[in-house]
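Just so we're clear, the structure is a prediction, and the values are computed from it rather than from any experiment. Counting from 1, the numbers follow the sequence of the chain as shown.
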Amino acid sequence: MSTRVVVTGMGAVTPIGIGTENFWKGIKDGKVGIKLIDRFDTTDFKTKVAAQVDDFNAKDYIDAKAAKRMELFCQYAVAAAKEAVEDAGLVMEQEDPYMVGVCIGSGVGSLEQAEKNTLKLAEKGPGRINPLLVPEMITNMAAGNVSIILGAKGKSINVVTACATGTHSIGEAFRSIQCGDADVMIAGGTESCVTPLSIGGFAALTALSNAEDPMLASRPFDKDRDGFVLGEGAGVVVLESLEHALARGAKIYAEIVGYGATSDAYHITSPAEDGSGAARAMTNAIREAGITCEQVDYINAHGTSTHHNDLYETRAIKLAFGEAAYKVKISSTKSMIGHLLGAAGAVEFIACVKSITDGYVHQNVGLKESEEEMDLDYVKNQGIEMNVEYALSNSLGFGGHNATILVKKYSA
């Protein structure tokens with residue numbers, strides 16, 4: 001029998017609230033964290049909106065000197081990780097630090113540093129490049145900084161699979177505990193890329209919404225959707241072997257029972273049109289859990305609000321679930337917080353856990369009507385109070401990366 005893995009702590013930094021409870025309150029209130037970008041002048045940009053994190057002060061979580069050596073994506077990760085560890089009641093002095101690992105990914109790292117130093121190079125020459133450019137820019141520094149600050153000396157890794165990063169990070173942390181590499185893993189994703197280069201790049205790819213009304217910008221599964229809204233933030237969870245959690249008397253939120261990871265091997269930006277890759281990730285997770293599709297109560301969809309993703313993910317759900325696809329509730333957290341890229345799957349995993357513990361499935365804010373082929377039960381108008389025994393979270397990344405995690409209500 002494989003090692004059982006449970007969730008004992010959660011931390012979140014999001015556009016609708018800092019801290020897991022604030023985030024979840026925002027979700028239940030249907031709060032939309034999308035607004036006009038105020039980080040830079042958007043006059044020459046087609047895209048004018050993003051989901052920014054407001055009121056974040058790194059000094060509330062990190063020593064001022066240490067914070068100066070971290071870019072925003074690392075600061076978000078540390079803040080979320082510290083909340084998760086405190087929430088879990090994990091005391092590092094009482095643990096074997098070599099059995100506490102970190103798996104926190106970022107899809108992009110610090111585009112801010114890349115932008116600033118490219119300008120310095122062009123205008124003032126190489127002698128003016130920031131000496132800390134590389135360690136502040138590279139994606140693994142989120143995991144590195146978390147391990148340093150928390151004293152976690154076990155496996156410390158950084159999964160980078162674009163928009164599937166957060167889900168793969170939690171999935172690989174789950175596997176690390178299953179195979180005995182760690183007793184505890186601090187896992188998730190983080191991102192901070194509301195920058196001119198990022199907005200300009202995604203807009204050039206015609207992936208972003210050009211709507212300026214926040215309530216109409218990110219509307220997954222709606223027939224009038226026109227692209228995703230870039231978001232930022234972090235989601236981090238504490239995973240433990242059940243044996244370890246019980247031994248220290250930890251509270252247990254939920255149990256991870258399945259993980260599926262596949263590749264479309266199809267296209268660098270578009271998911272496979274028939275949804276076969278994402279479908280296989282879902283069926284792998286469900287098979288590992290030893291349950292049937294009919295037992296899944298809720299799917300937190302990748303649901304980016306792009307034409308291709310929402311249609312092809314719908315096809316994937318139908319392919320994986322068959323007739324059961326019409327009975328499962330489906331919603332996308334991105335309708336409220338935008339697309340957090342490498343952090344998306346981690347924050348959405350937290351939403352799944354909260355759905356289980358609170359018995360609540362949130363709505364797709366902004367969803368009015370779907371086109372003919374998209375005929376599944378996408379929750380709209382308001383959330384639903386219901387028992388959630390099993391929740392499934394999907395993430396799909398550029399490059400054809402598919403990741404699915406299945407989480408269930410904990411029972412001894």
Pairwise side-chain contact, Val236 with Met10, heavy-atom cut-off 4.5 Å (strictly under): no
Flag the pair Glu86 / Val91 as yes when at least one side-chain heavy-atom distance between them is below 4.5 Å, and no otherwise.
no
Residues which pass side chain to side chain donor-acceptor pair (under 3.5 Å) with [X], listed by chain and number, not counting sequence neighbours:
X	value
Glu389	none
Ser192	Glu112
Asp264	Asn402

Would you say [X]'s side chain and [Y]'s backbone share a donor-acceptor pair under 3.5 angstrom?
X	Y	value
Asn394	Asn300	no
Asp29	Lys31	no
Ser370	Phe221	yes
Asn117	Gln113	yes
Thr195	Leu111	no
Thr167	Ala164	no
Gln52	Val194	no

So, [X] and [Y], do they make that salt bridge, N to O below 4.0 Å?
X	Y	value
Glu232	Arg39	yes
Arg225	Asp310	yes
Glu385	Lys329	no

What residues, two or more places apart in sequence or in another chain, satisfy ring pair (Phe, Tyr, Trp, His ring centres under 6.0 Å) together with [X]?
X	value
Tyr312	His308
His267	none
Phe45	Phe40
Tyr61	Phe56

Full working for salt bridge (Lys or Arg N to Asp or Glu O under 4.0 Å) between Arg69 and Glu136 | CA-CA 7 Å; Arg69 291 174 174 261; Glu136 289 185 352; over 6 Å; no
Exercise for the section: Take Glu373 and Arg315 through the salt bridge (Lys or Arg N to Asp or Glu O under 4.0 Å) test and state the conclusion after the steps. Expected result: CA-CA 9 Å; Glu373 189 178 340; Arg315 290 175 180 172; 2.5 Å; yes
Show me the donor-acceptor pairs within less than 3.5 Å that the side chains of residues 340-355 make with the rest of the protein, sequence neighbours left out.
residue, atom, partner, partner atom, Å
Glu348, OE1, Lys334, NZ, 3.3
Glu348, OE2, Lys334, NZ, 2.7
Lys354, NZ, Glu21, OE2, 2.9
Ser355, OG, Ala351, O, 2.8
Ser355, OG, Tyr360, O, 3.0

Q) Does Glu212 have any salt bridge (charged side-chain N to carboxylate O under 4.0 Å, His left out) partners at least two apart in sequence or in another chain, and if so, which? A)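 For Glu212, no residue satisfies salt bridge (charged side-chain N to carboxylate O under 4.0 Å, His left out) once neighbours in sequence are set aside.
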Original post:
What residues form a salt bridge (charged side-chain N to carboxylate O under 4.0 Å, His left out) with Asp87, not counting sequence neighbours?
Top reply: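 For Asp87, the residues satisfying salt bridge (charged side-chain N to carboxylate O under 4.0 Å, His left out) (neighbours in sequence not counted) are Lys251.
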Candidate pair Asp297 and Lys408, rule salt bridge (Lys or Arg N to Asp or Glu O under 4.0 Å), full reasoning:
CA-CA 10 Å; Asp297 302 294; Lys408 75 178 291 283; over 6 Å; no
With sequence neighbours left out, the residues meeting side chain to side chain contact (heavy atoms under 4.5 Å, CB included) with Ala324 are Cys293, Glu294, Phe321
Got a list of side-chain donor-acceptor pairs under 3.5 Å for residues 200-207, not counting sequence neighbours?
none

Distance col, row Leu230:CG vs Ile199:CD1, nearest 0.5 angstrom, shows 4.5 Å
